[in-house]
Amino acid sequence: MTRAAMKIGPVILFGPPGAGKGTQAKRIADKFGIPQISTGDLLRENVEKGTELGQNARQIMQRGELVPDRMVCDMVAERLKDGDCERGFILDGFPRTVTQAVWLDNYLVENTVFDNANGTGAAFVLRFVVEYNALLQRLTGRRTCPTCGRIYNVHTQPPRVAEVCDLDGSRLVTRKDDQEEVIAERLKAYEAQTLPLVEYYHKRNRLLEINGDQPVDVVTAEALRAIEHGNSL
Ligand code: AP5
């Protein structure tokens with residue numbers, strides 16, 4: 001069966017800020033022809049458009065804190081109604097608290113349309129493990145294309161022409177929350193509120209770890225293999 005026809009089910013990419021979730025989510029989504037659902041991107045879109053959700057989330061995100069669970073879960077529920085999620089989807093940056101994880105498990109039980117290869121419909125979690133100093137270097141060097149969303153890094157994955165997207169020529173931007181003080185807050189929020197999910201998923205035998213400190217292509221290859229062969233854990 002080709003990758004584009006496989007039933008993938010829900011896959012969660014898990015890891016601290018800068019672990020490579022967004023980079024890998026785009027590649028995996030592309031390979032399998034399923035959507036990447038990034039709660040960070042959806043929230044930033046709402047901020048940009050000035051929606052009620054965006055207005056409520058803007059300052060919280062600027063401080064590097066987590067947006068309240070209810071707001072994020074409602075936003076994800078809305079997105080999962082779209083028809084493109086039927087064969088599966090890649091969750092990038094969600095869930096981030098135990099409350100969100102419990103909500104997602106219940107949601108998936110109630111919406112059996114998201115059956116995966118083993119027929120349980122439960123989400124399979126890939127955790128990217130990256131050393132702390134590498135995270136700091138990645139986040140301070142990150143640049144993003146505002147048009148196509150491609151992610152670069154001035155240290156490790158620079159564009160061919162400085163500050164210009166290789167794909168569409170747009171001027172690259174630095175995310176507002178990639179300033180050192182905010183990065184420190186985001187990492188603190190990860191340790192306190194998101195890291196407990198490792199135990200949550202480990203206990204349920206749904207967590208697989210990948211060394212995220214390897215070159216991007218190597219991480220992608222390991223993630224694709226894990227999804228193709230590991231989602232019947
Ligand atoms: P979000 O946008 O999700 O940010 P994050 O989790 O902090 O993750 P990042 O996007 O910073 O990192 P990433 O792991 O995607 O790394 P990337 O691939 O870009 O969230 C932003 C905010 O929104 C949160 O702070 C919160 O306020 C709110 N929010 C979002 N979701 C929420 C939720 N569920 N609940 C509550 N609030 C929520 O890579 C980083 C850099 O490293 C890039 O430059 C890349 O080129 C480079 N890189 C990637 N892989 C490698 C590699 N293997 N080797 C070398 N460099 C690499």
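Note that ligands are numbered from 1 as they come in the structure, with each ligand's atoms numbered from 1 the same way. The analysis underlying the following values was restricted to heavy atoms, covering all of them including side chains, and did not include hydrogens, waters or symmetry mates.
When hydrogens are left out, the protein atom nearest atom 15 (O) of ligand 1 is G22 N, 2.8 Å; that is the closest non-hydrogen contact. In this structure, the protein non-hydrogen atom closest to atom 28 (C) of ligand 1 is L43 CD1, 3.6 Å. The protein heavy atom nearest to atom 19 (O) of ligand 1 is R142 NH1, 2.6 Å. Closest to atom 8 (O) of ligand 1 among all protein heavy atoms lies K21 NZ, 3.2 Å. Distance from atom 53 (N) of ligand 1 to its nearest protein heavy atom, with residue and atom name: Q214 O, 2.8 Å. Here the heavy atom of the protein found nearest to atom 45 (C) of ligand 1 is Q157 OE1, 3.6 Å. The protein heavy-atom contact nearest to atom 11 (O) of ligand 1 is R186 NH2, 2.6 Å. In terms of protein heavy-atom proximity, atom 22 (C) of ligand 1 is closest to M61 CE, 3.9 Å.
The side chain of R44, and not its backbone, has at least one atom closer than 4.0 Å to an atom of ligand 1 (non-hydrogen atoms only; side chain from C-beta on). Contact annotation: for D178 versus ligand 1, there are no heavy atoms closer than 4.0 Å. Only the side chain of V72 comes within contact range of ligand 1, with a heavy atom under 4.0 Å; no backbone atom does. Proximity of Y152 to ligand 1, defined as any heavy-atom pair under 4.0 Å, is confined to the backbone N, CA, C and O atoms. Heavy atoms from both the backbone and the side chain of T23 come within less than 4.0 Å of ligand 1.
Residue Q100 approaches ligand 1 through these ligand atoms, each under 4.0 Å from one of its heavy atoms: 33 (C), 34 (N), 35 (N), 36 (C). Contact atoms of ligand 1 toward G212: 53 (N) (distance under 4.0 Å to a heavy atom of the residue). Applying the 4.0 Å criterion to heavy atoms of V216 picks out, from ligand 1, the atoms 50 (N), 51 (C), 52 (C), 53 (N). Contact atoms of ligand 1 toward P16: 14 (O) (distance under 4.0 Å to a heavy atom of the residue). Ligand 1 places these atoms under 4.0 Å from at least one heavy atom of L139: 11 (O).
Nearest heavy-atom pair across R142 and N153 is N-ND2, 3.7 Å. Closest of all the heavy-atom pairs between L172 and P159 is CD1-CG, 3.7 Å. Between P95 and A101 the shortest heavy-atom distance is CB-N, 3.5 Å. A77 and Y107 make their closest contact through O-OH, 3.9 Å (heavy atoms, listed as atom of the first residue, atom of the second, distance). The minimum heavy-atom distance between L126 and A226, with the atom names listed, is CD2-CB, 3.8 Å.
Nearest to atom 55 (C) of ligand 1 by heavy-atom distance, out of T156, D177, D217, V130, is T156. Nearest to atom 27 (O) of ligand 1 by heavy atom, out of H155, R27, E65, Q62, is E65. Summarising the contacts of atom 36 (C) of ligand 1 with L91, T144, V67, V219, the nearest heavy atom is found in V67. Of the candidates R96, R138, Q193, the one placing a heavy atom closest to atom 24 (C) of ligand 1 is R96. Of the listed residues (A134, G18, C73, A57), the one carrying the non-hydrogen atom nearest atom 12 (O) of ligand 1 is G18.
For ligand 1, the polar-atom distance check finds no N/O of D92 at less than 3.5 Å from any of the ligand's N/O atoms. Taking any N or O of G64, backbone or side chain, none lies under 3.5 Å from an N or O belonging to ligand 1. Ligand 1 has no nitrogen or oxygen under 3.5 angstrom from a nitrogen or oxygen of F94. Note: no N/O pair closer than 3.5 Å links G141 and ligand 1 by distance alone.
No donor-acceptor distance shorter than 3.5 angstrom exists from the side chain of K21 to the backbone of S38, with no hydrogens or angles considered. With hydrogens and angles disregarded, no donor-acceptor distance shorter than 3.5 Å links the side chain of D41 to the backbone of I37. Using a distance-only test at 3.5 Å, with no hydrogens or angles considered, no donor-acceptor pair links the side chain of Y201 to the main chain of F124. Using a distance-only test at 3.5 Å, with no hydrogens or angles considered, no donor-acceptor pair links the side chain of S170 to the main chain of P146. Put simply, the side chain of Q100 gets close to the backbone of R96: a donor and an acceptor are under 3.5 Å apart. The main-chain N or O of Y200 is found under 3.5 Å from a side-chain atom of R204 such that the two form a donor-acceptor pair. Between the side chain of R143 and the backbone N or O of V173, no donor-acceptor pair lies under 3.5 Å. Of the possible polar contacts, none joining the D82 side chain to the D84 backbone as a donor-acceptor pair under 3.5 Å is found. A distance-only check finds no donor-acceptor pair linking the side chain of R27 to the backbone of A221 [under 3.5 Å]. Remark: the backbone N or O of K176 is paired with a side-chain donor or acceptor of Q179 at under 3.5 angstrom.
For the ligand labelled ligand 1, residue G15 lies outside the 4.0 Å heavy-atom shell. Remark: distances from the non-hydrogen atoms of Q24 to ligand 1 are all 4.0 Å or more. Residue contacts with ligand 1: I151 is included, with a non-hydrogen atom under 4.0 Å away.
For the 3.5 Å distance criterion, the side chains of T220 and Q24 qualify, holding a donor opposite an acceptor.
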(message) R79 vs D74, test: salt bridge (charged side-chain N to carboxylate O under 4.0 Å, His left out). Steps then yes/no.
(response) CA-CA 9 Å; R79 177 62 184 88; D74 286 350; over 6 Å; no
